[in-house]
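Report on the structure given below.
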Amino acid sequence: MTPDQHEEAAETLFQAEQSGTQCGLLSLRYPGMTLDDAYAVQKQLVAKKLAAGRHRIGWKIGLTSRAMQDALKIDTPDSGVLLDDMAFGNGSTVPAGRFIQPRVEAEIAFVMKAPLAGADSTHEDVLAATDYVCPSLEILDTRILRADPETGQARIITDTISDNAANAGVVLGDERHAVDAHGLRWVGAIVTRDGVVEETGLGAGVLNDPVTSVLWLARRMAEYGLVIEAGDIVLSGSFIRPIEAPPGAAFHADFGPFGSVDINFA
């Protein structure tokens, strides 16, 4: 793709979000689109939002589970940018019509107290840079059709990355824990929608250790001259499948001793 095409694709996604009407698959419009192209589109999309008055509050990591990577035929996670208008309070209600096709995932969030960067970052560096960890829910949305109506082709990884890794919202639980206070591989959640258990999972579903996921992000960002900053929220990746969030849905994620998170949809 050319720089003009990156800009064109980003504008298409920006308008889709503003209008609430999904656009077609970018992977069909731009055959041969690479991962680098997708991240270039994402960068342009985020730049438009920053120019509109938003500011960055952190990062999300996606596609960290083996099942999701196998489904998309990839062997690497992806990442997106968290912006201030994506933050929802624990127990709050998402206004009607805010999202197009929202879904919810359970994750362990890291909040940083020091910058983290560099291709030579280590597991110990992640621990040292982390202020605290807490339970969280991520709200996903897609500004791109999940499948092309004519060919039936499903979205692929370049579509998802371009669309800011399907990023839409973040809800942090009230509890705060030192990063070494719990064995994060064994931190799990029981996620209910309208009182019915929909999904359960363990932190080990995220690259075998959520710390490894944050380390992956730090190393990947180094390739682009980027840094995880002090104060950033980092969503380390979901250990459950995405759960559809229709209007009126109420979600409760019970992380046991780690805490809980709630979000409702008007």
Next on the checklist: Strictly by ring-ring contact (aromatic ring centres under 6.0 Å, His included), give each pair with a member in residues 1-57 just once, sequence neighbours left out.
Outcome noted: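 Residue pairs passing ring-ring contact (aromatic ring centres under 6.0 Å, His included), neighbours aside: none found.
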
So how far is it from [X] [atom1] to [Y] [atom2], rounded to the nearest 0.5 Å?
X: Ile61; Y: Leu217; atom1: CD1; atom2: CG; result: 4.5 Å
X: Leu116; Y: Glu229; atom1: CG; atom2: CD; result: 10.5 Å
X: Leu215; Y: Asp209; atom1: CG; atom2: CG; result: 9.5 Å
X: Ile243; Y: Leu137; atom1: CD1; atom2: CG; result: 8.5 Å
X: Ile233; Y: Ile228; atom1: CD1; atom2: CD1; result: 12.5 Å
X: Arg54; Y: Ile57; atom1: CZ; atom2: CD1; result: 10.5 Å

Check whether any side-chain heavy atom of [X] lies under 4.5 Å from a side-chain heavy atom of [Y], and answer yes or no.
X: Met33; Y: Ser162; result: yes
X: Phe88; Y: Ile139; result: yes
X: Glu105; Y: Leu140; result: yes
X: Glu138; Y: Asn167; result: yes
X: Leu145; Y: Leu25; result: yes
X: Arg185; Y: Phe239; result: no
X: Cys23; Y: Leu13; result: yes
X: Thr130; Y: Val111; result: no

Item to check | Test side-chain hydrogen bond (donor to acceptor under 3.5 Å, both in side chains) applied to Glu17 - qualifying residues, sequence neighbours left out | outcome: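 Applying side-chain hydrogen bond (donor to acceptor under 3.5 Å, both in side chains) to Glu17 gives Lys49.
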
Could you tell me which non-hydrogen atom of [X] sits nearest to which non-hydrogen atom of [Y], and how far apart they are?
X: Ala165; Y: Lys60; result: O-NZ, 2.9 Å
X: Asp194; Y: Gly248; result: OD1-O, 3.9 Å
X: Leu35; Y: Ile161; result: CD2-CD1, 3.6 Å
X: Ala10; Y: Leu45; result: CB-N, 3.6 Å
X: Trp216; Y: Pro77; result: CZ2-O, 3.5 Å
X: Ala250; Y: Asn264; result: CB-OD1, 3.3 Å

Between the side chains of [Y] and [X], is the shortest nitrogen-to-carboxylate-oxygen separation below 4.0 Å, so that they form an ion pair?
X: Glu7; Y: Lys48; answer: yes
X: Arg241; Y: Glu198; answer: yes
X: Asp232; Y: Arg56; answer: yes
X: Glu199; Y: Arg103; answer: no

So, does [X] use its side chain to make a donor-acceptor pair with the main chain of [Y] at under 3.5 Å?
X: Arg219; Y: Ser121; result: yes
X: His177; Y: Phe258; result: yes
X: Asp159; Y: Ser27; result: yes
X: Glu11; Y: Gln44; result: no
X: Asn90; Y: Val261; result: no
X: Ser213; Y: Ser236; result: yes
X: Ser238; Y: Glu107; result: no
X: Asn164; Y: Ala166; result: no

Next on the checklist: Walk me through whether Val133 and His182 qualify under side chain to side chain contact (heavy atoms under 4.5 Å, CB included).
Outcome noted: CA-CA 9 Å; Val133 290; His182 294 262; over 6 Å; no

Checklist entry - Please walk me through it: do Phe99 and Val94 pass side chain to side chain contact (heavy atoms under 4.5 Å, CB included)? => result CA-CA 9 Å; Phe99 300 122; Val94 177; 3.6 Å; yes

Do [X] and [Y] land in one hydrophobic cluster if side-chain heavy atoms of ILVMFWY residues count as linked below 4.5 Å?
X: Phe265; Y: Leu172; value: yes
X: Phe110; Y: Leu127; value: yes
X: Val81; Y: Leu226; value: yes
X: Val46; Y: Tyr224; value: yes
X: Tyr132; Y: Trp59; value: yes

Less than 3.5 Å apart, any donor N or O on the side chain of [X] or [Y] sitting next to an acceptor on the other?
X: Thr160; Y: Asp163; answer: no
X: Arg146; Y: Gln101; answer: yes
X: Thr12; Y: Arg29; answer: yes

Checklist entry - Given Asp37 and Thr158, is the side chain to side chain contact (heavy atoms under 4.5 Å, CB included) satisfied, shown in steps? => result CA-CA 8 Å; Asp37 286 325; Thr158 49; over 6 Å; no

Checklist entry - Has Glu150 got more than 12 heavy atoms of other residues, nucleotides or ligands less than 6.0 Å from its CD? => result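 Atom CD in Glu150 is not packed in, count stays at 12 or less.
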
Next on the checklist: Apply side chain to side chain contact (heavy atoms under 4.5 Å, CB included) to residues Leu26 and Ile144 and explain how you reach the verdict.
Outcome noted: CA-CA 8 Å; Leu26 298 181; Ile144 299 176; 4.1 Å; yes

